[in-house]
**Student:** 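My questions all concern the structure below.
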Amino acid sequence: MFCSNYEALESALTKRGFIVHSVKDAEEARQLAFSLIKKDESVGFGGSVTVQNDLDLYNRLSERGNKVYSHWYASDRSRAQDDAGKANWYLASTNALLSDGRLLNIDGTGNRVASMVIGPEKVMLFIGKNKFVDGGLDDGIARIKRETCPPNARRLKLDKLPCGITGHCADCNSAQRMCRVTTIIEYPTRAIKKFHLVLIDEDLGR
Ligand code: SF4
């Protein structure tokens, strides 16, 4: 079960204007993506272990013939981020899904959170059940600092960051600091015509 009070969460998300899908695992989430995204549509990617590693959607959609943009695979990262933000779809995850249905994210560059706010017109976030936080903003931020930042610091080889070294946030002042902007999406903005949330009954990403 995605969370103990799934009906209340689904109702809160729907009232906020999100389109909610519930799937059992990564394979089902991938099939859903393939059914919603047309073959001739372009797809931009935010940095996401869930989407790019667990679901492997960049490679799978590229093999199907979709035009795909991801700064993870591009030599010109800035150009790829720009192109991703202008595609038909934007795929990512969220750092935390709060029990009242708000989406909480912390970003370093800002491209990922910007695209969830100002478009593409169709956004789809893939959310493993480990991203659900049975609580509010403080609990969500604590989750991100505890579960997301330390492994990301190590994955990105940001060797000056206290969280990567000790596993704990020190509210650092490092040039490598990842936590530079925090967003709370309460409702989809008017720029986003369809904001899909795929709730996956499996632990995925960080
Ligand atoms: S503020 Fe610094 S130490 Fe804390 S989680 Fe972010 S990058 Fe890591």
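All values reported here derive from a predicted model rather than from experimental measurement. Here, residue 1 is the first one in the sequence, and each next residue gets the next number. Counting convention: from 1, in listed order, for ligands and their atoms alike. Atoms considered below: every heavy atom in the structure, side chains included; atoms not considered: hydrogens, waters and symmetry mates.
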**Student:** Looking at R143 and D139, is there a salt bridge between them, counting it only when a charged N and a carboxylate O are closer than 4.0 Å?
**Tutor:** no
**Student:** Please report which non-hydrogen protein atom sits nearest to atom 4 (Fe) of ligand 1, along with the residue it belongs to and the distance in Å to one decimal place.
**Tutor:** C169 SG, 2.4 Å
**Student:** With atoms numbered from 1 as shown, which atoms in ligand 1 lie under 4.0 angstrom from a non-hydrogen atom of D171?
**Tutor:** 1 (S), 4 (Fe)
**Student:** Considering only the protein, which heavy-atom contact is closest to atom 8 (Fe) of ligand 1, and what is its distance?
**Tutor:** C163 SG, 2.4 Å
**Student:** Students should be able to answer this: which protein heavy-atom is nearest to atom 2 (Fe) of ligand 1, and at what distance?
**Tutor:** C172 SG, 2.4 Å
**Student:** Which bit of C149 is near ligand 1, meaning a heavy atom under 4.0 Å away: side chain, backbone, both or neither?
**Tutor:** side chain
**Student:** Closer than 2.8 Å to atom 6 (Fe) of ligand 1: does that hold for any N, O or S atom in C179?
**Tutor:** yes
**Student:** I'd like to know if D25 and R30 make a salt bridge, using a cut-off of under 4.0 Å between side-chain N and carboxylate O.
**Tutor:** no
**Student:** If hydrophobic clusters are built by linking Ile, Leu, Val, Met, Phe, Trp and Tyr wherever their side-chain heavy atoms come under 4.5 Å apart, do L61 and F126 end up in the same one?
**Tutor:** yes
**Student:** Should you measure from each heavy atom of A170, which atoms of ligand 1 turn up under 4.0 Å away?
**Tutor:** 3 (S), 4 (Fe)
**Student:** Can you name the atoms of ligand 1, numbered from 1 with element, that are less than 4.0 Å from a heavy atom of K145?
**Tutor:** 1 (S), 5 (S), 6 (Fe)
**Student:** In terms of atom number and element, which parts of ligand 1 are under 4.0 angstrom from non-hydrogen atoms of M178?
**Tutor:** 7 (S)
**Student:** Is atom CZ of R180 surrounded by more than 12 heavy atoms (other residues, nucleotides or ligands) closer than 6.0 Å?
**Tutor:** yes
**Student:** Would you kindly confirm whether F132 and V23 end up in one hydrophobic cluster when ILVMFWY residues are joined by side chain heavy atoms under 4.5 Å apart?
**Tutor:** no
**Student:** Taking CG in D159 as the centre, count heavy atoms belonging to other residues, nucleotides or ligands within less than 6.0 Å. Is the count above 12?
**Tutor:** yes
